[in-house]
Structure formats: C-alpha cells, structure tokens
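Beneath this line is the structure, given in structure tokens, with notes to follow.
Not measured: the values here are computed from a predicted model. Both backbone and side-chain heavy atoms feed into the values below; hydrogens, waters and symmetry mates do not.
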Amino acid sequence: MSKFVIYIKLETYLHQWLTHSLGNPVVFPAQSNENATIRRFLQKLPHGEKPQLADAGLTAICIPESKAKDPSVYNYLGPLGKEAVVESIEDLFRRNLWHEMGDLAPSRRGVNGQIAAWCEMHGIGIDYIETVRQKYYRMRKAYAKRGIN
C-alpha cells in the first residue's frame, strides 16, 4: 500500500466495523473490489483544489499501489468517486453480515441478542446495534418476499 490516503464520510457503525476489520487507516486486500473501485476513480488533484485533510468523522483509506496510476500523482477522489467507494463498503458490510448471520439458529438469546453479539465481535458500539438489526431484518424480509427463507 502507498503512504497516501483518501478520506471518506461513513456512517459511524460502518466506520467502526471497517476500522476494526481492516485497520486505521483502512487497507483493503490487494485484489479487492474496493481497491479496484478506488483505482478506477482516482484522478489528479484538480487545479486550485486543496488536498483533503484528516478530520473528525472521516475514515482514512490507503490508496492502493498501481502501475497505471501512481498514488503520488493520482490521489484525489471526487464526490461521485467517493460515493462509489462508500457503496462498495456498504456492499461488503451487508455481505459480511448476511454471511455470518444469515443462518441464525433458534437461540435463547433470540435474533436481537445474536446481532448484539455479532456487533460486539466486529467492534460496533452498542449505540448502533439497532441500526444493524434493522439492516439484517430488511435483508431477510426482501429474501422472504421472493420465497427464500
């Protein structure tokens, strides 16, 4: 990974999950979809634009090395490029949640307790358990509508 980073705004629970899983600054695996998305939308800093600096509420993500786009030159993501990266992170979160929680077995703790334990395991604070629970229930409901239990 390069020493250059980009900063994006994520929901707090996503920031907590991502930095718990991949460090701070976030380093995605070399051949990941997220790195491909970052590389695809990297560009040179527009003339007159100042580089974005670290700020509270922003998540630092390492720019992947690339022969085609040297991170010392290509180290800027525009607003729409950042949206694409956020979308790929949200997709990764949903896949992780569904993969690990999709086959919930009946338990004395119930779904809420199991989701709370999953959040704890992934570094997500107790203030965001309800948010994650709602995401899980929405996914489960969408599948159930299609006859997939």
Side-chain angles (χ1 to χ4, degrees), residues 1-46 49-104 111-146 148-149:
M1 279 300 121
S2 73
K3 61 183 176 183
F4 295 93
V5 296
I6 54 172
Y7 296 96
I8 61 171
K9 177 76 175 141
L10 293 174
E11 295 290 329
T12 305
Y13 74 93
L14 275 177
H15 168 83
Q16 292 173 346
W17 169 80
L18 190 62
T19 56
H20 181 267
S21 301
L22 298 171
N24 192 7
V26 174
V27 178
F28 290 110
Q31 303 302 319
S32 68
N33 180 58
E34 296 76 25
N35 273 348
T37 302
I38 292 168
R39 278 193 300 272
R40 182 177 308 118
F41 296 113
L42 277 176
Q43 52 187 307
K44 294 179 181 177
L45 186 67
E49 183 98 15
K50 295 191 188 296
Q52 187 175 16
L53 302 175
D55 193 13
L58 295 178
T59 303
I61 299 176
C62 288
I63 296 174
E65 292 289 347
S66 171
K67 292 178 184 175
K69 290 185 173 180
D70 179 2
S72 66
V73 177
Y74 293 88
N75 51 32
Y76 173 80
L77 273 183
L80 297 178
K82 287 181 181 183
E83 283 181 27
V85 173
V86 169
E87 183 177 341
S88 71
I89 291 168
E90 289 171 344
D91 288 346
L92 182 62
F93 174 83
R94 283 191 297 272
R95 284 194 311 268
N96 182 214
L97 177 63
W98 189 255
H99 175 75
E100 293 182 5
M101 299 298 292
D103 62 349
L104 282 180
V111 174
N112 292 344
Q114 291 183 42
I115 288 176
W118 185 88
C119 289
E120 177 185 61
M121 182 174 77
H122 287 283
I124 299 172
I126 60 171
D127 294 342
Y128 300 96
I129 291 171
E130 180 62 18
T131 303
V132 173
R133 186 192 68 77
Q134 287 178 6
K135 280 198 166 299
Y136 175 76
Y137 273 109
R138 285 185 198 121
M139 286 189 296
R140 194 169 77 168
K141 183 178 178 183
Y143 281 117
K145 275 186 177 179
R146 302 288 185 156
I148 301 171
N149 293 323

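Between the side chain of Asn96 and the backbone N or O of Leu92, no donor-acceptor pair lies under 3.5 Å. In this structure, Asn75 contributes its side chain and Leu45 its backbone to no donor-acceptor pair below 3.5 Å.
Under the 4.5 Å side-chain criterion, counting only non-hydrogen atoms from C-beta, Met101 is not in contact with Met139. Looking at Tyr7 and Leu53, their side chains never come closer than 4.5 Å, going by heavy atoms from C-beta outward. With a 4.5 Å cut-off on side-chain heavy atoms, Glu34 and Leu18 do not count as touching. Under the 4.5 Å side-chain criterion, counting only non-hydrogen atoms from C-beta, Ile89 is in contact with Phe28. Side-chain contact check for Asp91 versus Arg94: some heavy-atom pair is nearer than 4.5 Å. Annotation: side chain of Lys44 is in contact with side chain of Val73 (closest heavy-atom distance under 4.5 Å).
The CD1 atom of Ile8 sits 8.5 Å away from the NZ atom of Lys82 when rounded to the nearest 0.5 Å.
For Trp98 and Tyr143, the ring centers are positioned less than 6.0 Å apart.
Scanning all heavy atoms of the two residues, the minimum distance from Ile129 to Ala116 falls at CD1-CB, 3.8 Å. The two residues Lys69 and Leu42 come nearest to each other via the heavy atoms NZ-O, 2.9 Å. When all heavy atoms of Leu77 and Phe41 are compared, the pair lying nearest together is CD2-O, 3.3 Å. Tyr74 and Ala68 make their closest contact through CE1-O, 4.4 Å (heavy atoms, listed as atom of the first residue, atom of the second, distance).
For the side chain to side chain donor-acceptor pair (under 3.5 Å) criterion with Glu100, the lone passing option out of Arg95, His122, Gln114 is His122.
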